[in-house]
Participant: 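Below you will find the structure I want to go over with you.
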Amino acid sequence: MTIGPPDEPFTGRPAPAGVGGREMSAGQADLLGLADASTESGAAVDRSADPVVASTRPASPASAEAVAAAGPSTTLRGADSSGADPGSDGLARPSRGGAGSDSDGEADSGDDGAEGRSPRSSRRVADPAKTRAVNAPEPRPVETHGPARIIALCNQKGGVGKTTTAINLGAALADYGRRVLLVDFDPQGALSVGLGFAPHQLDQTIYNLLMERDASVAETLIKTDLPGLDVLPSNIDLSAAEVQLVGEVAREQSLARVLRPLVGDYDYILIDCQPSLGLLAVNALTAAHGVVIPLECEFFSLRGVALLMDTIEKVRDRLNPDLTVDGILATMYDPRTVHGREVFSRVVEAFGDLVYGTVITRTVRFPETTVAGEPITTWAPGSGGAVAYRALAREVVARTERGDESAPSASGADS
Ligand code: ADP
Ligand code: MG
């Protein structure tokens, strides 16, 4: 695969991978500031040589660090369609003290107070998320269930809203009458905790299903208080699987094998991945039909996307040819800050209709729900967060349940 025009070879890290069956274009890489960053990393990688797992350990940490070190000072080239200021990276740099979100409070107050602290941030820009908002139709009631679409919530960065999205998208889909299985695939067990279970007290978890041939799904599966929402929990035991699976036959297919008998019982199976691109993530991507990437609206989160796309593409090439990127979900969005709005606009420029019209705003209500041990859709059903995850569920249903076309096309998606 080549990326970039022939006269401008892509010389850095493995090329960013495709999106929804497409390859990431040079324009997309440029928009995300990746072309320069990877050139600076100077670490040319022969993509043909490395096996999937080897290539997906925190791959080429040296280059990843170089990318991080390049930081916001890296000039983004070729943002020709963006209307960004010439010579700028298109992102307002926060002044000392930060023009970023200074509050974890409800960010929908319309308070513009966060603006104007940086000389470059004084432009008033309309909230780009509002102009893209979609209101997907109410899902049709279903009489029968399955086969499930298996969706991996994946991003090797922690704290971007994977677990929150798994719980609340799952709960919202269940509210719309879908049967949903949440798979906690993170040894931290945050999804299990977020639904009110104490992971360390569980005898049987997903770990047993992965490692023991005779472990019983029925004894592992937990029903939540929400009708239609079940969980395969995990706990710290799962961290051992990453090591133990290495010696197994078809180690990348272990989760797929566990989920195969369950697909007929559910409409959606959501896998909450751990924040890494190791063997567990590869298992999730191998088991999945689609990937949803929660992406924090913050500068550095853009940098990790190329590595993630690269892993997705490798898994597609070698293990799971039908894997698509179902969508990119902007999370932790703060419309009051120029930075948040600009990062969001940049993500939309790069990925277009792949970005869900629904955007998850930063709000303290989410940490509250973790303590409460229930989804926001039941904890605070009228809150902005609950409304947003119901809107996301409608979008996911609209994209998934319209015949065979589950992934949006390059330009023609109806978002
Ligand atoms: P991940 O699974 O990607 O590590 P989480 O979903 O666990 O991320 O979120 C990390 C932390 O951020 C949690 O404490 C969670 O409650 C909080 N959080 C998630 N989404 C939001 C949001 N939209 N606004 C504010 N806090 C959030
Ligand atoms: Mg998590």
Side-chain angles (χ1 to χ4, degrees), residues 104-108 129 133-142 145 148-153 159-184 186 189-197 221-233 266-273 290 292-296 326-333 356-401:
D104 233 3
E106 295 279 355
D108 49 8
V134 296
N135 194 5
E138 199 83 354
R140 276 187 314 234
V142 286
H145 298 284
R149 181 163 187 85
I150 304 177
I151 298 173
L153 293 150
V160 299
K162 292 180 291 293
T163 303
T164 303
T165 299
I167 292 173
N168 296 298
L169 172 60
L173 287 167
D175 271 348
Y176 284 123
R178 270 49 179 178
R179 294 214 61 203
V180 180
L181 175 64
L182 300 179
V183 180
D184 191 346
D186 183 346
L191 181 137
S192 307
V193 172
L195 287 166
F197 305 109
L221 203 113
I222 307 178
K223 292 201 178 305
T224 69
D225 293 340
L226 239 101
L229 188 67
D230 298 346
V231 186
L232 281 177
Y266 293 94
D267 299 305
Y268 293 92
I269 297 178
L270 306 181
I271 307 171
D272 181 26
C273 294
V292 168
I293 303 173
L295 198 61
E296 190 186 6
D326 281 3
I328 292 173
L329 176 67
T331 63
M332 314 274 183
Y333 179 60
Y356 290 109
T358 305
V359 172
I360 310 298
T361 300
R362 189 182 287 277
T363 155
V364 286
R365 301 313 290 270
F366 287 108
E368 281 175 21
T369 62
T370 311
V371 179
E374 58 177 291
I376 201 166
T377 51
T378 58
W379 168 253
S383 65
V387 169
Y389 274 108
R390 279 197 294 270
L392 177 65
R394 292 196 300 276
E395 260 195 279
V396 167
V397 169
R399 287 188 184 193
T400 306
E401 299 181 17

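In this text, all values refer to a predicted model and were calculated from it rather than measured experimentally. All heavy atoms count here, side chains included; hydrogens, waters and symmetry mates do not.
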Participant: If you look at every heavy atom in Arg149 and Thr400, which pair is closest and at what distance?
Facilitator: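 Closest approach of Arg149 to Thr400: CD-CG2, 3.2 Å.
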Participant: Does the side chain of Val142 reach to within under 4.5 Å of the side chain of Arg178, using non-hydrogen atoms?
Facilitator: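 Yes. Closest side-chain heavy atoms under 4.5 Å.
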Participant: For a 4.5 angstrom cut-off between non-hydrogen side-chain atoms, does Ile376 reach Ser383?
Facilitator: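 In short, these two side chains touch, coming nearer than 4.5 Å.
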Participant: Taking Ala386's backbone N and O only, do any of them form a donor-acceptor pair with Arg365's side chain (distance below 3.5 Å, no angle check)?
Facilitator: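 No; judged by distance alone, with no hydrogens or angles, the pair does not exist.
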Participant: Any chance you could measure Phe197, atom CZ, to Leu191, atom CG, to the nearest 0.5 Å?
Facilitator: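 Answer for the CZ-CG pair, Phe197 versus Leu191, is 9.5 Å.
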Participant: Quick check: closest heavy atoms across Ile269 and Ala148, and the distance to 0.1 Å?
Facilitator: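 Distance-wise, the nearest heavy atoms are CG1-CB, 3.8 Å.
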Participant: Indicate yes or no: at least one non-hydrogen side-chain atom of Thr369 is less than 4.5 angstrom from one of Ile167.
Facilitator: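 Result no, sub-4.5 Å side-chain heavy-atom pair not found.
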Participant: If we ignore hydrogens and angles and just use 3.5 Å, is the side chain of Asn168 paired with the main-chain N or O of Tyr389 as donor and acceptor?
Facilitator: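 No.
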Participant: Can you tell me which residue among Asp184, Thr163, Asp272 is in a side chain to side chain donor-acceptor pair (under 3.5 Å) with Ser192?
Facilitator: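 Only one of Asp184, Thr163, Asp272 forms a side chain to side chain donor-acceptor pair (under 3.5 Å) with Ser192, namely Asp184.
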Participant: Which heavy atom of Thr331 sits nearest a heavy atom of Pro294, and at what distance?
Facilitator: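 Smallest interatomic distance, heavy atoms only, reads CG2-CB, 4.0 Å.
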Participant: Out of curiosity, Ile360 CD1 to Thr164 OG1, how far, rounded to the nearest 0.5 Å?
Facilitator: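 Spacing of CD1 (Ile360) from OG1 (Thr164) equals 9.5 Å.
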Participant: Output the distance between atom CZ (Arg399) and atom CG (Leu392), rounded to the nearest 0.5 Å.
Facilitator: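 Rounded to the nearest 0.5 Å, the CZ-CG separation comes to 9.0 Å.
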Participant: Under 4.5 Å between any side-chain heavy atoms of Tyr176 and Val397, yes or no?
Facilitator: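 SC-SC contact between Tyr176 and Val397 ruled out.
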Participant: Please determine whether salt bridge (Lys or Arg N to Asp or Glu O under 4.0 Å) holds for the pair Glu296 and Arg362, giving the CA-CA distance in whole Å, both sets of side-chain angles, and the decisive distance to 0.1 Å.
Facilitator: CA-CA 10 Å; Glu296 190 186 6; Arg362 189 182 287 277; 3.7 Å; yes
Participant: Minimum heavy-atom separation for Glu374 to Thr378, with atom names?
Facilitator: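 Scanning both residues completely, I find the closest heavy atoms to be OE1-OG1, 2.6 Å.
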Participant: Give the minimum heavy-atom separation between Leu182 and Gly170, together with the two atoms involved.
Facilitator: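 Minimum heavy-atom separation between Leu182 and Gly170: CD2-CA, 4.1 Å.
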Participant: For residues 224-233, please give each side-chain donor-acceptor pair under 3.5 Å, one per line with the distance, not counting sequence neighbours.
Facilitator:
residue	atom	partner	partner atom	Å
Thr224	OG1	Leu226	N	3.1
Thr224	OG1	Leu226	O	3.3
Thr224	OG1	Leu229	O	2.7
Asp230	OD2	Arg179	NH2	3.2
Asp230	OD2	Lys223	NZ	3.4
Asp230	OD2	Tyr266	OH	2.6

Participant: To the nearest 0.5 Å, how far apart are CG in Asp267 and CG in Leu173?
Facilitator: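 Answer for the CG-CG pair, Asp267 versus Leu173, is 9.0 Å.
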Participant: Mind checking whether Arg394 and Pro137 have side chains closer than 4.5 Å, heavy atoms only?
Facilitator: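 Not in contact.
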Participant: For Glu401 versus Arg140, what's the shortest heavy-atom pair and its separation?
Facilitator: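 Where Glu401 meets Arg140 most closely, the heavy atoms are O-NH2, 4.1 Å.
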Participant: Indicate yes or no: does Lys162 engage Asp186 in a salt bridge with an N to O separation below 4.0 Å.
Facilitator: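 No, Lys162 and Asp186 are not salt-bridged.
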Participant: About how many Å separate OH of Tyr356 and CG of Leu169, when rounded to the nearest 0.5 Å?
Facilitator: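 Leu169 CG to Tyr356 OH: 8.0 Å, rounded to 0.5 Å.
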